[in-house]
Participant: 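Next up is a structure, given as structure tokens.
Keep in mind that what you see is a predicted model, and the values were worked out from it rather than measured. Throughout, residue positions are numbered sequentially from 1 according to the sequence presented.
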Amino acid sequence: MPFSVLSYTAANTKARALFGKLLTSDDYKKLLDKKNVPDIASYLKKYTSYSSILSEINENDVHRGELEALFKASLYNDFIKILHFLGGNAAKFIEAAFLRHEIEDLKMLISIIYTRRESELMKDSLVFLKKYSTLDYNKLIRSRSVEELISNLKGTEYYKVLAYFTGNLKQNSLFDIEMALDNHFFLSVIKLKDKLLSGSDRKIVTRSFGLEIDILNIMLIYRCKKLFYLPKEITLNYVIPYWYRLKKSQLVRLAESHDISEFKDLVSQTPYAKIFKANEEHMWETNSMTFMYRFYKSILREKQPSLGVAIAYLHLKDIDIRNIITVIEGVRYSLPTEEIEKYLIGVDR
């Protein structure tokens with residue numbers, strides 16, 4: 001069912017108002033001057049839009065995991081505020097797209113169990129799985145093995161995706177599981193996009209997810225080459241089978257490259273050459289996020305009411321939270337300010 005222009009206008013106005021409350025470059029400069037996590041928490045509590053979500057904390061003894069959980073709760077609160085203005089197929093789609101956060105938490109929980117790294121800090125950050133998911137968190141968190149966790153997912157869409165791994169866990173299965181969940185998410189959303197959306201909504205969502213998938217596929221092939229030395233056939237099994245600006249033949253050639261040098265040469269011939277500059281290999285992930293940040297901001301400025309504005313805002317809020325976590329981690333490990341600043345997305349330097 002097409003959604004009304006009037007309701008989109010309300011949702012877009014809300015999304016743009018919320019964007020205006022995200023941290024500014026000046027806020028980040030002040031955060032980078034802080035000496036420890038309590039000082040960062042104190043600034044966020046007193047001077048930013050995160051003040052309400054941080055109102056109950058004692059900034060002098062708050063830890064990083066607790067802060068991350070609260071930031072995630074803030075993202076969910078904004079999602080609900082925007083969802084309030086949407087209805088029909090637009091609401092159905094954005095709810096499905098927001099499940100990416102549930103999947104990220106599920107991947108983290110599987111990683112905790114797989115690596116046997118019992119971490120209360122990591123468990124504390126599973127906010128979407130614990131508070132906002134229909135999955136049985138208490139049952140999942142008690143799983144003593146990956147197989148048991150998969151069994152505890154019976155009756156959900158994720159069980160079908162992961163059932164293969166029961167009795168088939170190998171050395172690199174964690175990577176395989178993560179890729180299977182990512183593929184499931186993106187293919188489900190693409191299928192839903194074609195089913196629920198039309199006109200400018202479908203066009204803008206196709207562009208948003210198309211760009212993201214293209215970039216993810218390039219980074220995936222790079223990691224397969226760089227870290228695992230995987231042959232073409234296995235590498236291509238991990239690729240999300242969806243092509244936007246990147247042709248399938250280009251992805252195949254990237255997977256066939258004999259070494260990173262050849263990979264760099266081939267990626268320089270794709271529409272994403274500016275992201276994957278040969279002399280900036282260490283910045284490719286940051287460059288990718290900066291590219292998407294600029295894309296989402298351009299969507300936010302578009303005058304025609306559409307679902308794209310709401311989706312763009314939620315991504316930009318996610319990036320805002322990522323930046324704050326980057327500052328917290330950098331300050332915790334006493335990294336030079338200039339080094340932390342390099343990894344902040346969309347911040348004027």
Participant: Looking at Lys92 and Leu196, would you say the former's side chain and the latter's main chain have a donor-acceptor pair under 3.5 Å?
Facilitator: no
Participant: Nearest 0.5 Å, what's the CD1-CG distance between Ile204 and Leu197?
Facilitator: 11.0 Å
Participant: Run the numbers on Asp33 and Lys29 for salt bridge (charged side-chain N to carboxylate O under 4.0 Å, His left out), then give the verdict.
Facilitator: CA-CA 7 Å; Asp33 285 337; Lys29 284 174 184 158; over 6 Å; no
Participant: Using the ring-ring contact (aromatic ring centres under 6.0 Å, His included) rule, pick out the option among Phe79, Tyr296, Phe295, Phe19 that qualifies with His315.
Facilitator: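 Testing each of Phe79, Tyr296, Phe295, Phe19 against His315, the sole residue satisfying ring-ring contact (aromatic ring centres under 6.0 Å, His included) is Tyr296.
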Participant: More than 12 heavy atoms of other residues, nucleotides or ligands under 6.0 Å from NZ of Lys225: yes or no?
Facilitator: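 More than 12 within 6.0 Å, yes.
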Participant: Would you call His63 and Leu67 a side-chain contact if the rule is heavy atoms closer than 4.5 Å?
Facilitator: no
Participant: Yes or no on ring pair (Phe, Tyr, Trp, His ring centres under 6.0 Å) for Tyr242 and Phe186, after CA distance, side-chain angles and deciding distance?
Facilitator: CA-CA 9 Å; Tyr242 184 80; Phe186 283 106; 9.4 Å; no
Participant: Does one side chain, of Lys317 or Ser74, offer a donor that lies under 3.5 Å from an acceptor on the other?
Facilitator: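 There is such a pair (donor and acceptor under 3.5 Å, judged by atom type) between the side chains of Lys317 and Ser74.
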Participant: Write down the atom of Ile57, the atom of Ala41, and the distance for their closest heavy-atom approach.
Facilitator: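 Closest pair (atom of Ile57, atom of Ala41, distance): CD1-CB, 4.2 Å.
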Participant: Calculate, to the nearest 0.5 Å, the distance between atoms CD1 and CG belonging to Ile110 and Leu174 respectively.
Facilitator: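 Separation between the atoms: 8.0 Å.
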Participant: If the test is side-chain contact (heavy atoms from CB on, under 4.5 Å), which one of Asp318, Ile324, Thr326, Asp320 qualifies with Arg322?
Facilitator: Thr326
Participant: Would you say Met283 ends up clustered with Met289 if hydrophobic residues are merged whenever their side chains have heavy atoms under 4.5 Å apart, either directly or through other cluster members?
Facilitator: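 Hydrophobic grouping puts Met289 apart from Met283.
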Participant: Is the closest side-chain heavy-atom distance between Lys30 and Asp26 below 4.5 Å?
Facilitator: yes
Participant: Measuring from atom CD1 of Ile94 to atom CG of Leu192, what distance do you get when rounded to the nearest 0.5 angstrom?
Facilitator: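 One gets 12.0 Å once the value is rounded to the nearest 0.5 Å.
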Participant: For Leu44 and Thr48, which heavy atoms make the closest approach, and how far apart are they?
Facilitator: O-OG1, 2.7 Å
Participant: Are Glu281 and Lys264 within salt-bridge range, i.e. N to O under 4.0 Å?
Facilitator: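 The answer is yes: the pair qualifies as a salt bridge.
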Participant: Enter the distance from Arg100:CZ to Lys107:NZ here, rounded to the nearest 0.5 Å.
Facilitator: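 The CZ atom of Arg100 sits 9.0 Å away from the NZ atom of Lys107.
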Participant: Checking the side chain of Ser55 only, and the main-chain atoms of Ser52 only, is there a donor and an acceptor separated by less than 3.5 Å?
Facilitator: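 Between the backbone of Ser52 and the side chain of Ser55 there is a qualifying donor-acceptor contact (under 3.5 Å).
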Participant: Measure the shortest side-chain to side-chain distance between Val331 and Lys35 over non-hydrogen atoms and say whether it is less than 4.5 angstrom.
Facilitator: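 Val331 vs Lys35: side chains apart.
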Participant: Assess the residue pair Leu75 and His101 against the criterion (side-chain contact (heavy atoms from CB on, under 4.5 Å)); give the C-alpha distance rounded to whole Å, side-chain angles, the decisive distance to 0.1 Å, and a yes or no.
Facilitator: CA-CA 10 Å; Leu75 175 63; His101 299 288; 3.5 Å; yes
Participant: Go through the side-chain N and O atoms of Tyr8 and Asp201 and say whether any donor and acceptor fall under 3.5 Å apart.
Facilitator: yes
Participant: Between Tyr159 and Asn152, is there a side-chain donor-acceptor contact under 3.5 Å, judged purely by atom types and distance?
Facilitator: no
Participant: Looking at every heavy atom in both Met292 and Ser208, which two are closest together, and how far apart are they?
Facilitator: CE-O, 3.8 Å
Participant: In the structure I gave you, are the side-chain heavy atoms of Asp105 and Leu109 within less than 4.5 Å of one another anywhere?
Facilitator: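 SC-SC contact between Asp105 and Leu109 ruled out.
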Participant: Check for me, please, whether Ile234 and Tyr229 land in the same ILVMFWY cluster - side-chain distances under 4.5 Å, paths through other members count.
Facilitator: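 Ile234 and Tyr229: separate clusters.
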Participant: Determine, step by step, whether Asp78 and Tyr313 satisfy the side chain to side chain donor-acceptor pair (under 3.5 Å) criterion, reporting the C-alpha distance in whole Å, the side-chain angles of both residues, the deciding distance to 0.1 Å, and the verdict.
Facilitator: CA-CA 9 Å; Asp78 285 0; Tyr313 168 71; 2.6 Å; yes
Participant: Leu162 vs Leu181, test: side-chain contact (heavy atoms from CB on, under 4.5 Å). Steps then yes/no.
Facilitator: CA-CA 8 Å; Leu162 302 179; Leu181 286 170; 4.1 Å; yes
Participant: Once you round to the nearest 0.5 Å, how far does CZ of Phe291 lie from CZ of Phe276?
Facilitator: 9.5 Å
Participant: Kindly confirm or rule out a cation-pi arrangement of Arg223 over Phe228, judged by NZ or CZ under 6.0 Å from the six-membered ring centre and within 45° of its axis?
Facilitator: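 No, cation not above the ring by the 6.0 Å, 45° rule.
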Participant: To check you understand the geometry: which heavy-atom pair defines the closest contact between Pro241 and Asn183, and what is its length?
Facilitator: CD-OD1, 3.3 Å
Participant: Answer yes or no: is there a donor N or O on one side and an acceptor on the other, between the side chain of Glu178 and the main chain of Phe175, under 3.5 Å?
Facilitator: no
Participant: Among side-chain atoms of Glu147 and Thr166, is any donor-acceptor pair under 3.5 angstrom?
Facilitator: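 Absent: no donor and acceptor within the cut-off.
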Participant: Heavy atoms only: give me the nearest Asp348-Ser25 pair and the separation to one decimal.
Facilitator: N-OG, 2.9 Å
Participant: Please check if any side-chain donor atom of Thr206 sits under 3.5 Å from a side-chain acceptor atom of Lys193, or the reverse.
Facilitator: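 Side chains of Thr206 and Lys193: pair found under 3.5 Å.
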Participant: Are the side chain of Arg64 and the backbone of Glu329 linked by a donor-acceptor contact shorter than 3.5 Å?
Facilitator: no
Participant: Indicate whether the side chain of Tyr272 and that of Asp214 have a donor and an acceptor atom separated by less than 3.5 Å.
Facilitator: yes
Participant: Please determine which of Tyr76, Phe98, Tyr137 meets the ring-ring contact (aromatic ring centres under 6.0 Å, His included) test together with Tyr132.
Facilitator: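 Testing Tyr132 for a ring-ring contact (aromatic ring centres under 6.0 Å, His included) against Tyr76, Phe98, Tyr137 leaves exactly one candidate, Tyr76.
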Participant: Test side chain to side chain donor-acceptor pair (under 3.5 Å) on Ser125 and Glu68 and set out the steps.
Facilitator: CA-CA 6 Å; Ser125 71; Glu68 185 172 354; 4.6 Å; no
Participant: Any side-chain heavy atom of Glu104 within less than 4.5 Å of one from Phe128?
Facilitator: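 Side chain of Glu104 against side chain of Phe128, heavy atoms only: no contact under 4.5 Å found.
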Participant: For residues Leu220 and Thr235, determine if any side-chain heavy atom of one lies less than 4.5 Å from a side-chain heavy atom of the other.
Facilitator: no
Participant: Atom CG in Leu135, atom OH in Tyr158: separation rounded to 0.5 Å?
Facilitator: 6.0 Å
Participant: Report yes or no: do Asp27 and Thr24 form a side-chain donor-acceptor pair below 3.5 Å?
Facilitator: yes
Participant: When you measure from the side chain of Arg253 to the backbone N and O of Leu266, does any donor-acceptor pair fall under 3.5 Å?
Facilitator: no
Participant: State, yes or no, whether a side-chain contact exists between Ile311 and Leu314 at a heavy-atom distance under 4.5 Å.
Facilitator: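 No; the side chains remain at least 4.5 Å from each other.
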Participant: When the ring planes of Phe209 and Phe185 are compared, do they come out parallel, tilted or perpendicular, using 30° and 60° as the limits?
Facilitator: tilted
Participant: Around atom NE2 of His282, are there more than 12 heavy atoms of other residues, nucleotides or ligands at under 6.0 Å?
Facilitator: yes
Participant: Check whether the side chains of Tyr222 and Asn217 place a donor and an acceptor atom closer than 3.5 Å, and report yes or no.
Facilitator: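 Not at all, the side chains of Tyr222 and Asn217 share no donor-acceptor pair under 3.5 Å.
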Participant: How close do Leu149 and Ile113 get, heavy atom to heavy atom, and via which atoms?
Facilitator: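 Scanning both residues, the minimum pair turns out to be CD1-CD1, 3.4 Å.
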Participant: I'd like to know whether CD of Glu285 has more than 12 heavy-atom contacts from other residues, nucleotides or ligands below 6.0 angstrom.
Facilitator: no
Participant: Within the 4.5 Å heavy-atom criterion, are Ser51 and Lys46 side-chain neighbours or not?
Facilitator: no
Participant: Any salt bridge between Glu339 and Lys342, counting N to O under 4.0 Å?
Facilitator: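 A salt bridge is present here (some side-chain N lies under 4.0 Å from a carboxylate O).
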Participant: Specify whether Trp284 and Phe263 have parallel, tilted or perpendicular ring planes, treating 30° as the upper limit for parallel and 60° as the lower limit for perpendicular.
Facilitator: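 Answer is tilted, since the angle falls between 30° and 60°.
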Participant: Give the cluster check for Ile275 versus Tyr343: same hydrophobic cluster or not, with ILVMFWY residues linked at side-chain heavy-atom distances below 4.5 Å.
Facilitator: no
Participant: Quick one: does any side-chain atom of Ser42 pair with a main-chain N or O of Pro38 as donor and acceptor, under 3.5 Å?
Facilitator: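 No, because the side chain of Ser42 does not come within donor-acceptor range (under 3.5 Å) of the backbone of Pro38.
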Participant: Go through Ile213 and Ile190 one step at a time and tell me if the side-chain contact (heavy atoms from CB on, under 4.5 Å) criterion holds.
Facilitator: CA-CA 10 Å; Ile213 291 172; Ile190 293 295; 4.2 Å; yes
